[in-house]
Amino acid sequence: IRDRDMNAFQLAGLLYLGAAVGVLPLILASARRRPGVRPRQRSHMLKILGAIVCGGFLGPVFLLLGLNVAYAASVAVWLNMELVATAVLGTLLFQDHLDRNGWIGVGLALCAGVVMTLSEGAGGGLAALLVSVACLCWGFDNHFTALIDHLPPSHITLLKGIVAGPVNVVIGSLTPGMPSLKLSAMALALGAVSYGMSIVFYVMAAHHL
C-alpha cells in the first residue's frame, strides 16, 4: 500500500480493527459456554494497558513506517530483532532465563539483521532503526501478554483491536486524505487473519510457555 493510498497510522488501526472483528465470533461462542472474565487486580490492568500500548499502538506504526523505506524481505529479517528484544528484556526485567544455545540463537538473529542493514545501503539504517523500535515494543508486549494468564487469548486480541485500532485510525485521519472503502475493507480482512488469528495462536502459546 502506497503512502498516498493510506498512511501508516490508518493502516495499523484498520489491521487491528480487523483483528477485533476476526476474533469476535470466538468470543461470542465462548460467552455462551461460560461467563466473561474480568481482571480483578490493578497489576492485571497495567499489564493489559502495556500490551495494548506497546503491541497494538506503537509496534505496528513503527513497523509500517519501516516498510515504507525498505523492502519487505529485508524487514522480515529485521523482525527477528523481536526475538533479541524479548530475550534481553526477559533477562533484565522479567526474571527469565536463557541458556547458552538460546543466546547463540539471539546472536545469530542479531547478525542477520546487521547483514541486511548493510545490504540495503544508506536507507537501511533508518529502516532497521524503525523496525528495531517496533521489535522493542513487541518485546515488552510479549512479556506483558505472557503474564496476562487470567484472560483468554481471544479477549486479549479483542482489547488490542478495539482500543488501539480506533486510536490509530483517528490519528491517521488528522492528515489530509482518507482511504477508499474498498481499500479499508481489504485492510480489515487482512487484519482479521494476519493479526487476529495469529495473535490468538501466539497468546495461546505464550500462556503454555
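Predicted model, so just to flag it, every value in this text is computed and none were measured.
Partner of Leu136 under the side-chain contact (heavy atoms from CB on, under 4.5 Å) criterion, chosen from Val84, Leu89, Val88, Leu58: Leu89.
Side-chain atoms of Val23 and Met197, non-hydrogen and from C-beta on, do get closer than 4.5 Å to each other.
Rounding to the nearest 0.5 Å places OG1 of Thr157 at 11.0 Å from CD1 of Ile162. Taken from CG in Leu65 to CG in Leu130, the straight-line distance is 6.0 Å, to the nearest 0.5 Å. Rounding to the nearest 0.5 Å places CE of Met6 at 4.5 Å from OG of Ser184. Note that CG of Leu110 is 10.5 Å distant from CG of Asn80, once rounded to the nearest 0.5 Å. Atom CG of Leu129 is separated from atom CZ of Phe62 by 8.5 Å, given to the nearest 0.5 angstrom. Here Lys160 contributes atom NZ and Ile48 contributes atom CD1; the two are 11.0 Å apart, rounded to the nearest 0.5 Å.
The hydrophobic clustering, which links ILVMFWY residues whose side-chain heavy atoms are closer than 4.5 Å, places Leu93 and Met81 together. Using a 4.5 Å cut-off between side-chain heavy atoms of Ile, Leu, Val, Met, Phe, Trp and Tyr, with links allowed through other members, Val170 and Ile52 fall into different hydrophobic clusters. Cluster membership check: Val21 does not share its hydrophobic cluster with Ile156, using side-chain heavy-atom separations under 4.5 Å among Ile, Leu, Val, Met, Phe, Trp and Tyr. Phe57 and Leu49 fall within the same hydrophobic cluster, defined by Ile, Leu, Val, Met, Phe, Trp and Tyr side-chain heavy atoms under 4.5 Å apart, directly or through other members. Hydrophobic clustering (side-chain heavy atoms under 4.5 Å, transitive across Ile, Leu, Val, Met, Phe, Trp, Tyr) keeps Val131 apart from Leu108.
For Trp78 (side chain) and Ser132 (main-chain N/O), no donor-acceptor pair under 3.5 Å exists by modelled atom type. Between the Asn168 side chain and the Gly165 main chain, no donor and acceptor come within less than 3.5 Å of each other. Looking only at distances, no side-chain donor or acceptor of Asp141 sits under 3.5 Å from a matching main-chain atom of Cys137. A donor-acceptor distance shorter than 3.5 angstrom exists from the side chain of Gln10 to the backbone of Gly172, with no hydrogens or angles considered.
Nearest heavy-atom pair, Gly66 versus Val75, reported as atom, atom and distance to 0.1 Å: O-CG2, 4.1 Å. Of all heavy-atom pairs spanning Leu64 and Ala12, the tightest one is CD1-N, 3.5 Å. Residues Cys135 and Ala85 approach most closely at O-CB, 3.6 Å, considering heavy atoms. Closest of all the heavy-atom pairs between Leu183 and Pro179 is CD2-CB, 4.4 Å. Here the closest heavy-atom approach between residue Gly161 and residue Ala20 is recorded as CA-CB, 3.9 Å. Across all their heavy atoms, Gly22 and Pro25 have their closest contact at O-CD, 3.5 Å.
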Handout entry: Audit row: His143, Thr86, side-chain contact (heavy atoms from CB on, under 4.5 Å) steps and yes/no
Key = CA-CA 7 Å; His143 287 289; Thr86 304; 3.6 Å; yes
Handout entry: Derivation of the side-chain contact (heavy atoms from CB on, under 4.5 Å) call for Leu17 and Tyr195
Key = CA-CA 9 Å; Leu17 282 174; Tyr195 276 30; over 6 Å; no
Exercise for the section: Decide side-chain contact (heavy atoms from CB on, under 4.5 Å) for Trp138 and Leu83; before the verdict, give the C-alpha distance in whole Å, the side-chain angles of both, and the deciding distance to 0.1 Å. Expected result: CA-CA 9 Å; Trp138 279 320; Leu83 180 156; over 6 Å; no
Problem - Leu63 and Leu79: CA distance, side-chain angles, deciding distance, side-chain contact (heavy atoms from CB on, under 4.5 Å) verdict - result: CA-CA 9 Å; Leu63 170 63; Leu79 282 173; 3.8 Å; yes
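Using bins of under 30°, 30° to 60° and over 60° for the plane-to-plane angle, the ring pair Phe94/Phe144 lands in the perpendicular bin.
The hydrophobic cluster containing Leu174, built from Ile/Leu/Val/Met/Phe/Trp/Tyr side-chain heavy atoms closer than 4.5 Å, comprises no other residue.
In the displayed structure, Leu92 atom CG is contacted under 6.0 Å by more than 12 heavy atoms of other residues, nucleotides or ligands.
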